[in-house]
Number of protein chains: 2
Amino acid sequence: MELAEAKKKFIETWGKLGSEWGINRTMAQVHALLLISPEALTTEEIMETLSISRGNANMTLRDLMGWGLIEKQHKAGERKEYFYADKDTWNIARQVAKERRKRELDPVLKALDELTKVEGDVNDPEYKTFNKSVTDINKLAKNVDRTLDTMLKAEESWFWGSIFKIFK
Amino acid sequence: MELAEAKKKFIETWGKLGSEWGINRTMAQVHALLLISPEALTTEEIMETLSISRGNANMTLRDLMGWGLIEKQHKAGERKEYFYADKDTWNIARQVAKERRKRELDPVLKALDELTKVEGDVNDPEYKTFNKSVTDINKLAKNVDRTLDTMLKAEESWFWGSIFKIFK
DNA sequence: TTAAACTTTCAATATATTTTGAAAGTTTAA
DNA sequence: TTAAACTTTCAAAATATATTGAAAGTTTAA
């Protein structure tokens, strides 16, 4: 396979994976493009390479910055803004986990906590089943949350740190 | 909060979480409904409770069965099919992980493996960056894959088994 | 067989999400 | 200042995804 072809395929693959994970395709593709670029790129270059509009490129780049996956770079003597991606996969995984935790897990935990507090008749099967499922799911969600928290601070924990080092 | 209200809220919350995780809202809602139902429900009952059409209900129920999250139940002397959900959260998490791995991770791993094999000039920064990123991501993806595999077989591994027991 | 009781299918429709692009806004150098 | 170089915004359009519901298909009991 040619390098050029391989690049296209990588961008496509990353885009598909992203869209399956609730990250929009373009965002994942821009990220992929920056991941394999040795140099920071301008909005123009990104627009051109991926055939997307200026507006789309701008929004996507801002989103990616919001996710902490890319950063702006200013080149001396130039007005244009350049963008580059953090290439450390471990950081990428951490950032994504961190953002999704904040955006998705936290609100769910809050809702579940309220729902476990709902009171009812212990002899009512409707109530019993409801309560058991909600409590169990809440327990699982809390554990996931706690693990993510530990993972995000992995550097500080010898235990998880040594486990996660395997992944690097 | 009333039980009835709490049920609605649970279905809504689960639906939202599902849609953020690439599982469609209705599918997650039907699953939520069955999770909190002490008895197996018919298609009719599900349609009515969630205000969805027969077609939608049918497709969703089949999808859920495909994911291994619900099962059909036949009641003696009745023609109708009843559906009920596995209420063990650990099983739910395992099933979801298993399905997503098969559907999403496996194809990506295959694509990445090919891309790491692409050859090029080691002095070309374009090639070097491409190769490094793809190789790193491939490594991470393989580790995730291996971990999921272990997790799905957790019962057999004293090491992971004892770690994951914490989650139950 | 037959017909009632169900389940499944799928083209049409509705809804949600993403993208565009032109206009407005901002910054900088002269 | 001013105007060129750039960035941002957002309503409208395009695209993608989910849902409907009526018709077709299947199963079962008599």
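Chain naming here is simple, since letters A, B, ... match the order of the sequence lines and numbering starts at 1 in each. The basis for the numbers below is simple: all heavy atoms, side chains too, and nothing from hydrogens, waters or symmetry mates.
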A.B. asks: What base-paired stems does DNA chain D take part in, with at least 3 consecutive Watson-Crick or G-U wobble pairs and both distances under 3.5 Å?
C.D. replies: C:1-30 with D:1-30
A.B. asks: What's the CG-P distance between A/Leu61 and D/dT9, to the nearest Å?
C.D. replies: 13 Å
A.B. asks: B/Lys87 versus A/Thr129: any side-chain heavy-atom pair under 4.5 Å?
C.D. replies: yes
A.B. asks: Starting at CG of B/Leu41 and ending at P of C/dT7, how long is that distance when rounded to a whole Å?
C.D. replies: 13 Å
A.B. asks: Compare every heavy atom of B/Arg94 with every heavy atom of B/Leu152, then report the nearest pair and how far apart it is.
C.D. replies: O-NH1, 3.1 Å
A.B. asks: I want to check something: taking the side chain as every heavy atom from C-beta on, are A/Asp106 and A/Arg101 in contact at a cut-off of under 4.5 Å?
C.D. replies: yes
A.B. asks: Side chains of B/Phe10 and B/Leu33, heavy atoms from C-beta outward: is any pair under 4.5 Å?
C.D. replies: no
A.B. asks: Do B/Met47 and B/Thr43 have side chains that get closer than 4.5 Å, going by heavy atoms?
C.D. replies: yes
A.B. asks: Protein-nucleotides 24-29 of chain C N/O pairs closer than 3.5 Å?
C.D. replies:
| from | atom 1 | to | atom 2 | distance (Å) |
| --- | --- | --- | --- | --- |
| C/dT27 | O2 | A/Arg79 | NH2 | 3.0 |

A.B. asks: To the nearest 0.5 Å, how far apart are CZ in B/Phe130 and OG1 in B/Thr135?
C.D. replies: 8.5 Å
A.B. asks: With the side chain counted from C-beta on, respond yes when A/Met27 and A/Trp67 share a heavy-atom pair under 4.5 Å apart, and no when they do not.
C.D. replies: yes
A.B. asks: To the nearest Å, how far apart are B/Lys75 NZ and C/dC6 P?
C.D. replies: 13 Å
A.B. asks: Find every protein N or O atom lying less than 3.5 Å from an N or O atom of nucleotides 16-20 of chain C, and list the pairs.
C.D. replies:
| from | atom 1 | to | atom 2 | distance (Å) |
| --- | --- | --- | --- | --- |
| C/dT19 | OP1 | A/Thr26 | OG1 | 2.4 |
| C/dT19 | OP2 | A/Thr26 | OG1 | 2.9 |
| C/dT19 | O5' | A/Asn56 | ND2 | 3.4 |
| C/dT20 | OP2 | A/Ser53 | N | 2.7 |
| C/dT20 | OP2 | A/Ser53 | OG | 3.1 |
| C/dT20 | OP2 | A/Asn56 | ND2 | 3.2 |

A.B. asks: Show, in sequence, the C-alpha distance, side-chain angles and deciding distance for B/Thr42 and B/Glu45, and conclude whether the side chain to side chain contact (heavy atoms under 4.5 Å, CB included) test is met.
C.D. replies: CA-CA 5 Å; B/Thr42 62; B/Glu45 290 170 313; 3.3 Å; yes
A.B. asks: Flag the pair A/Asp136 / B/Trp90 as yes when at least one side-chain heavy-atom distance between them is below 4.5 Å, and no otherwise.
C.D. replies: no
A.B. asks: Roughly, in whole Å, what's the span from NZ in B/Lys80 to C1' in C/dA4?
C.D. replies: 13 Å
A.B. asks: Report, as yes or no, whether the 6.0 Å neighbourhood of atom CD on A/Gln73 holds more than 12 heavy atoms from other residues, nucleotides or ligands.
C.D. replies: yes
